[in-house]
Amino acid sequence: MTETKATGYDCLSSRLVSASELRAFILDCFEISECRLFVGHEDRVAEDLRDIPEDVVFSAFCTYREVFGHFEMSFGVGIEGRLADRVGRREFAERFAAHFDAYVLYGGTEPPGLWTVILADGARLRGAMDEEDDRFVLYAATAPVPGLPDIRVDESLWELR
């Protein structure tokens, strides 16, 4: 039997959530205990870890930051392989989108330059995005994105390989 390797789930969210909300969501989503999770702002990780012994191992390690454009938050969750077996990347994005009534962008097996967007209702789209520094703007998607009427709808994005 092969063991699943540790991985990371990197996402953009249309909604900025607090650290406490993010912590509660991840604890519930992966069914881990409080002591097995780190959640911290990307700019303060070293400061937040200062008083934690160096040999402490977290099952899930999440950092976040505020971004701009069509998204308000970027976050990444590094997880042990056993957690990836429990909740895959797509399911994680779907749960986050539904829980926070947001749309979530993540990358997986899409062709270069394209991303998966999960809407709050669970619909899955493919999107194309411009990014510069901390500004992320969708310019095309395979279906309308609620609240973003100016995005060009292009169903042919599904056909790109």
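All heavy atoms count here, side chains included; hydrogens, waters and symmetry mates do not.
Residues Glu159 and Ser156 bring no donor and acceptor atom of their side chains to less than 3.5 Å of each other. A donor and an acceptor atom, one from each side chain of Thr142 and Arg126, are nowhere located under 3.5 Å apart.
Ring-plane geometry between His41 and Tyr64 is classed as perpendicular, the angle between the planes exceeding 60 degrees on a 0 to 90 degree scale with a lower cut at 30.
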Working for side chain to side chain contact (heavy atoms under 4.5 Å, CB included), residues Phe61 and Val45: CA-CA 10 Å; Phe61 192 95; Val45 171; 3.9 Å; yes

Stepwise side chain to side chain contact (heavy atoms under 4.5 Å, CB included) check, Val77 with Phe96: CA-CA 12 Å; Val77 185; Phe96 188 98; over 6 Å; no

Side chain to side chain contact (heavy atoms under 4.5 Å, CB included) between Met73 and Phe100, worked out: CA-CA 12 Å; Met73 176 182 188; Phe100 292 111; over 6 Å; no

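Pairing each heavy atom of Cys11 with each of Val104, the nearest pair is CB-CG1, 3.9 Å. Of all heavy-atom pairs spanning Leu125 and Ala143, the tightest one is CD2-CB, 3.4 Å. Across every non-hydrogen atom of Ala60 and Ile79, the tightest pair is CB-CG2, 4.1 Å. What you find for Gly69 and Val137 is that their closest heavy atoms are CA-CG2, 4.1 Å. In terms of heavy-atom proximity, Phe71 sits nearest to Ser14 at CD2-N, 3.9 Å.
Atom CD of Glu42 is surrounded by more than 12 heavy atoms from other residues, nucleotides or ligands within 6.0 Å. For CZ of Arg135, the number of neighbouring non-hydrogen atoms (other residues, nucleotides, ligands) closer than 6.0 Å is 12 at most.
Interatomic distance, Phe25 CZ to Phe30 CZ, rounded to the nearest 0.5 Å: 7.5 Å. Asp130 contributes atom CG, which lies 11.5 Å from atom CZ of Phe136 (distance to the nearest 0.5 angstrom). To the nearest 0.5 angstrom, Leu37 atom CG is 11.0 Å from Cys29 atom SG. Interatomic distance, Arg86 CZ to Glu80 CD, rounded to the nearest 0.5 Å: 9.0 Å. Note: Thr63 OG1 to Asp10 CG = 8.0 Å, rounded to the nearest 0.5 Å. The CD atom of Glu54 sits 10.0 Å away from the CG atom of Leu49 when rounded to the nearest 0.5 Å.
Put simply, the side chain of Leu27 reaches to within 4.5 Å of the side chain of Ile32, judged on heavy atoms. Within the 4.5 Å cutoff, no side-chain heavy atoms of Leu105 are placed close to those of His70. Side-chain contact check for Phe58 versus Ile52: some heavy-atom pair is nearer than 4.5 Å. Between Thr116 and Arg124, some side-chain heavy-atom pair lies under the 4.5 Å cut-off. Between His99 and Asp28, the closest side-chain pair of non-hydrogen atoms is not below 4.5 Å.
Here the side chain of Arg89 pairs no donor or acceptor atom with the backbone of Ala84 at under 3.5 angstrom. Distance alone, capped at 3.5 Å, places no donor-acceptor pair between the Arg90 side chain and the Gly108 backbone. Using a distance-only test at 3.5 Å, with no hydrogens or angles considered, a donor-acceptor pair links the side chain of Glu21 to the main chain of Ser18.
Connection of Leu16 to Ile26 is established within a shared hydrophobic cluster, with ILVMFWY side chains joined at heavy-atom distances below 4.5 Å, either directly or through further cluster members. No path of Ile, Leu, Val, Met, Phe, Trp and Tyr side chains, each step under 4.5 Å between heavy atoms, connects Val57 with Phe38, placing them in separate hydrophobic clusters. Each of Met129 and Leu114 belongs to its own hydrophobic cluster when Ile, Leu, Val, Met, Phe, Trp and Tyr are linked at side-chain heavy-atom distances under 4.5 angstrom. Taking hydrophobic clusters as Ile, Leu, Val, Met, Phe, Trp and Tyr residues chained together by side-chain heavy-atom distances below 4.5 Å, Phe92 does not share a cluster with Tyr106. Tracing side-chain contacts under 4.5 Å through hydrophobic residues (I, L, V, M, F, W, Y), one never reaches Val117 starting from Leu157; they form parts of separate clusters.
In this structure, Glu34 pairs ionically with Arg23, as a charged nitrogen and a carboxylate oxygen lie closer than 4.0 Å.
Of the residues Ile118, Leu12, Asp121, Leu148, the one that meets the side-chain contact (heavy atoms from CB on, under 4.5 Å) test with Tyr103 is Leu148.
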